[in-house]
Amino acid sequence: MLSLKARALSYLARREYSRTELRRKLVPYADAEDPEALDRMLDSLEQERWLSTERFAESVVNRRASRMGTTRIVNELKQHQVDAETVAALTEQLRGTELARARVVWQKKFGELATTPEARAKQMRFLASRGFSRTVISKIVRGADEFSDDS
């Protein structure tokens, strides 16, 4: 039977976790007699740098940025209770590349400008569902200067 710390390290060896997510995974294995033991162990993992909110946030951004918009990524970070400063810094970084990322996603899915209002609406809904901002969506769907680089 694995200790709580061994189980946590096993999870962390596979990928980065937020503290909240790792805690949720470990609760079923925690000692019912000592409920604070889990939090002490998580504190210890953070002090030893095995568990890092910053690394987790960066990993989410790296995994999602090529397919998702800023809004969707930020919402995922907030869902995992990543601190506001980290989210704000990453939001700025993501906003700077959002138009280019949305262009790539749009190009892969559609490849050509919509000719009918229905097709344009479909493209806009698709990009919105991916979490891209309205400004970026309208620039892409209307083909702003055939993709000039002025955000």
Side-chain angles (χ1 to χ4, degrees), residues 1-111 114 118-141 147 149-151:
M1 173 115 168
L2 289 175
S3 72
L4 202 55
K5 187 168 185 173
R7 196 174 296 277
L9 290 174
S10 171
Y11 286 133
L12 290 168
R14 290 185 214 122
R15 74 170 175 88
E16 296 293 337
Y17 283 86
S18 68
R19 181 182 175 112
T20 307
E21 188 179 22
L22 187 59
R23 186 178 200 299
R24 190 172 19 88
K25 286 181 91 57
L26 294 172
V27 161
Y29 306 102
D31 184 6
E33 313 291 310
D34 187 9
E36 285 84 42
L38 177 57
D39 287 320
R40 283 195 308 271
M41 191 268 307
L42 290 172
D43 290 340
S44 153
L45 288 174
E46 282 179 333
Q47 287 169 348
E48 296 167 11
R49 304 284 299 147
W50 287 103
L51 182 61
S52 166
T53 302
E54 293 79 23
R55 277 198 321 263
F56 169 75
E58 286 291 332
S59 104
V60 168
V61 169
N62 290 337
R63 282 193 324 255
R64 304 273 190 253
S66 65
R67 298 182 325 272
M68 303 294 169
T70 303
T71 306
R72 186 114 170 238
I73 296 169
V74 166
N75 286 342
E76 183 174 345
L77 292 173
K78 286 179 180 176
Q79 178 184 337
H80 287 286
Q81 299 175 349
V82 173
D83 59 283
E85 305 87 54
T86 305
V87 170
L90 290 171
T91 301
E92 281 305 307
Q93 174 187 333
L94 288 166
R95 286 205 197 290
T97 62
E98 188 167 35
L99 182 61
R101 291 183 294 115
R103 235 182 243 147
V104 170
V105 169
W106 175 85
Q107 189 70 41
K108 186 175 180 183
K109 176 78 173 175
F110 299 105
E118 294 82 16
R120 189 172 299 114
K122 179 180 180 179
Q123 291 182 8
M124 291 174 90
R125 280 192 310 272
F126 172 76
L127 290 171
S129 74
R130 292 292 180 98
F132 293 104
S133 71
R134 285 185 194 160
T135 310
V136 167
I137 292 170
S138 66
K139 283 182 182 182
I140 288 175
V141 172
F147 301 141
D149 268 344
D150 59 339
S151 299

So, the side chain of R101 versus the backbone of M68: is there a donor-acceptor pair under 3.5 Å, distance only? yes
Hey, does the side chain of E98 reach the backbone of T70 with a donor-acceptor pair shorter than 3.5 angstrom? yes
When you look at S44 and R40, which way does the side chain to side chain donor-acceptor pair (under 3.5 Å) test go after all the steps? CA-CA 6 Å; S44 153; R40 283 195 308 271; over 6 Å; no
Do D39 and R19 have side chains that approach each other closer than 4.5 Å (heavy atoms only, starting at C-beta)? yes
Looking at side-chain heavy atoms only, is the closest gap between D43 and E46 below 4.5 Å? yes
Test side-chain contact (heavy atoms from CB on, under 4.5 Å) applied to V74 and R72, K78, E76, the passing residue: K78
Would you name the heavy atoms of V105 and S66 that are closest together and state the gap between them? CG2-O, 3.4 Å
Value for CD (E48) from CG (L9), rounded to nearest 0.5 Å, stands at 8.0 Å
Kindly indicate whether the side chain of F132, heavy atoms from C-beta on, has any atom under 4.5 Å from the side chain of I140. no
If you measure from CZ on R95 to OG1 on T135, what distance do you get to the nearest 0.5 Å? 9.0 Å
In this structure, CG of L38 is separated from CG of D31 (nearest 0.5 Å) by 10.5 Å
Compare every heavy atom of L90 with every heavy atom of E58, then report the nearest pair and how far apart it is. OE2-CD2, 3.3 Å
Which value, rounded to the nearest 0.5 Å, describes the distance between F110 atom CZ and F126 atom CZ? 5.5 Å
Would a distance-only check, ignoring hydrogens and angles, find a side-chain to backbone donor-acceptor pair under 3.5 Å from T91 to V87? yes
Please check if the number of heavy atoms outside R63 that lie under 6.0 Å from its CZ is greater than 12. yes
Is there a side-chain contact between Y11 and L26 (heavy atoms, below 4.5 Å)? yes
Can you tell me how far the CZ atom of R125 sits from the CD atom of Q123, to the nearest 0.5 Å? 10.5 Å
Look only at the side chain of R55 and the backbone of W50, and say whether a donor-acceptor pair between them is shorter than 3.5 Å. yes
Within the distance-only criterion (no hydrogens, no angle test), does the side chain of R130 pair as donor or acceptor with the backbone N or O of R67 below 3.5 angstrom? yes
Non-hydrogen atoms of A57 and L77 that approach each other most closely: CA-CD2, 3.7 Å
If we ignore angles and hydrogens, is there a donor and acceptor under 3.5 Å between the side chains of R24 and T20? no
What distance do E85 atom CD and T53 atom OG1 have between them, rounded to the nearest 0.5 Å? 10.5 Å
Kindly check if the number of other-residue, nucleotide or ligand heavy atoms within 6.0 Å of CZ (R49) is above 12? no
Answer yes or no: does atom NZ of K5 have more than 12 heavy-atom neighbours from other residues, nucleotides or ligands under 6.0 Å? yes
